[in-house]
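First comes the structure, then the notes that go with it.
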Amino acid sequence: MIEHIKILGSDLRIKIKNAEICFGGNQKLKIYGTLKCSSGKRMKRENRVFFSSENEAKQNGFRPCGHCMKLEYQKWKNGLI
C-alpha cells in the first residue's frame, strides 16, 4: 500500500504506466476501486492510497467500490468474498 502524500507525482505516473499500481483506495473509508473511478478521483489526497492488486487491497481490509466495481461489490455485500 502506497500513500498518495508519500509519493511524488512523477514517481506515481511511472508506477501507473508500468502497471505497478492498478487500484486506488480511500484510507479512511476502507474502499478500493479502479484508477478511472469518478468517485475515487474526488477524494482528498491525504485519504488516497494505491495498491498493486485487488488481493493487496483486500489483505489491508478494504472493500470494493460500489460505483466502479459493481460485481465485486455485490459479491462482498452478499458475503461471498
Side-chain angles (χ1 to χ4, degrees):
M1 181 169 75
I2 301 170
E3 294 180 25
H4 195 169
I5 57 174
K6 293 185 179 178
I7 188 169
L8 296 174
S10 58
D11 292 338
L12 179 61
R13 285 188 288 278
I14 290 169
K15 287 184 179 291
I16 291 171
K17 186 177 179 180
N18 293 334
E20 294 175 39
I21 293 176
C22 300
F23 294 93
N26 187 313
Q27 192 168 17
K28 286 192 175 186
L29 299 175
K30 294 288 192 177
I31 299 171
Y32 75 94
T34 63
L35 296 176
K36 295 183 179 189
C37 180
S38 59
S39 297
K41 289 180 179 180
R42 290 191 306 262
M43 80 177 84
K44 293 181 180 179
R45 183 178 182 170
E46 59 264 18
N47 295 336
R48 189 176 293 129
V49 292
F50 298 102
F51 303 101
S52 59
S53 68
E54 277 190 81
N55 285 336
E56 182 183 5
K58 290 175 186 176
Q59 288 171 353
N60 283 292
F62 285 68
R63 70 158 176 86
C65 173
H67 184 251
C68 66
M69 301 182 75
K70 291 182 181 180
L71 182 62
E72 291 86 352
Y73 174 75
Q74 283 300 320
K75 288 180 183 177
W76 172 82
K77 189 174 178 182
N78 294 329
L80 299 174
I81 295 179

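Quick caveat: nothing in here was measured; it's all calculated off a predicted structure. All residue numbers in this chain count up from 1 along the given sequence.
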>> Please confirm whether the ring centroid of F62 lies under 6.0 Å from the ring centroid of F51.
In response: yes
> What's the shortest heavy-atom distance between G33 and C68, and which atoms?
Replying inline: CA-SG, 3.6 Å
>> Applying salt bridge (Lys or Arg N to Asp or Glu O under 4.0 Å), can you list everything that pairs with E54, at least two apart in sequence or on another chain?
In response: none
>> Test of understanding: with side chain to side chain donor-acceptor pair (under 3.5 Å), list the residues that count as partners of E20, not counting sequence neighbours.
In response: K15
> Is the closest side-chain heavy-atom distance between H67 and S38 below 4.5 Å?
Replying inline: yes
> Which distance, rounded to the nearest 0.5 Å, do you find between the CZ of R63 and the OH of Y73?
Replying inline: 5.0 Å
>> Determine whether a donor-acceptor pair (N or O, by modelled atom type, separation under 3.5 Å) exists between the side chain of R48 and the backbone of G24.
In response: no
> How many angstroms lie between atom CG of L35 and atom CZ of F23, to the nearest 0.5 angstrom?
Replying inline: 8.0 Å
> Between W76 and M69, does a side chain to side chain contact (heavy atoms under 4.5 Å, CB included) hold up when you go through it step by step?
Replying inline: CA-CA 11 Å; W76 172 82; M69 301 182 75; over 6 Å; no
>> Once rounded to the nearest 0.5 Å, what's the spacing between atom NZ of K58 and atom CD of E72?
In response: 7.5 Å
> From L12 CG over to I21 CD1, what is the distance, rounded to the nearest 0.5 angstrom?
Replying inline: 5.0 Å
> Any chain of hydrophobic side-chain contacts (each under 4.5 Å) joining V49 to I5?
Replying inline: no
>> So Y32 and E56, do their side chains get closer than 4.5 Å, heavy atoms only?
In response: no
> Once you round to the nearest 0.5 Å, how far does CG of N26 lie from CG of N47?
Replying inline: 5.0 Å
> Which heavy atom of M1 sits nearest a heavy atom of N60, and at what distance?
Replying inline: CB-ND2, 4.2 Å
> At what distance, to the nearest 0.5 angstrom, does CD1 of I2 lie from CG of D11?
Replying inline: 9.5 Å
>> Does K30, at its NZ atom, have more than 12 non-hydrogen atoms belonging to other residues, nucleotides or ligands within less than 6.0 Å?
In response: yes
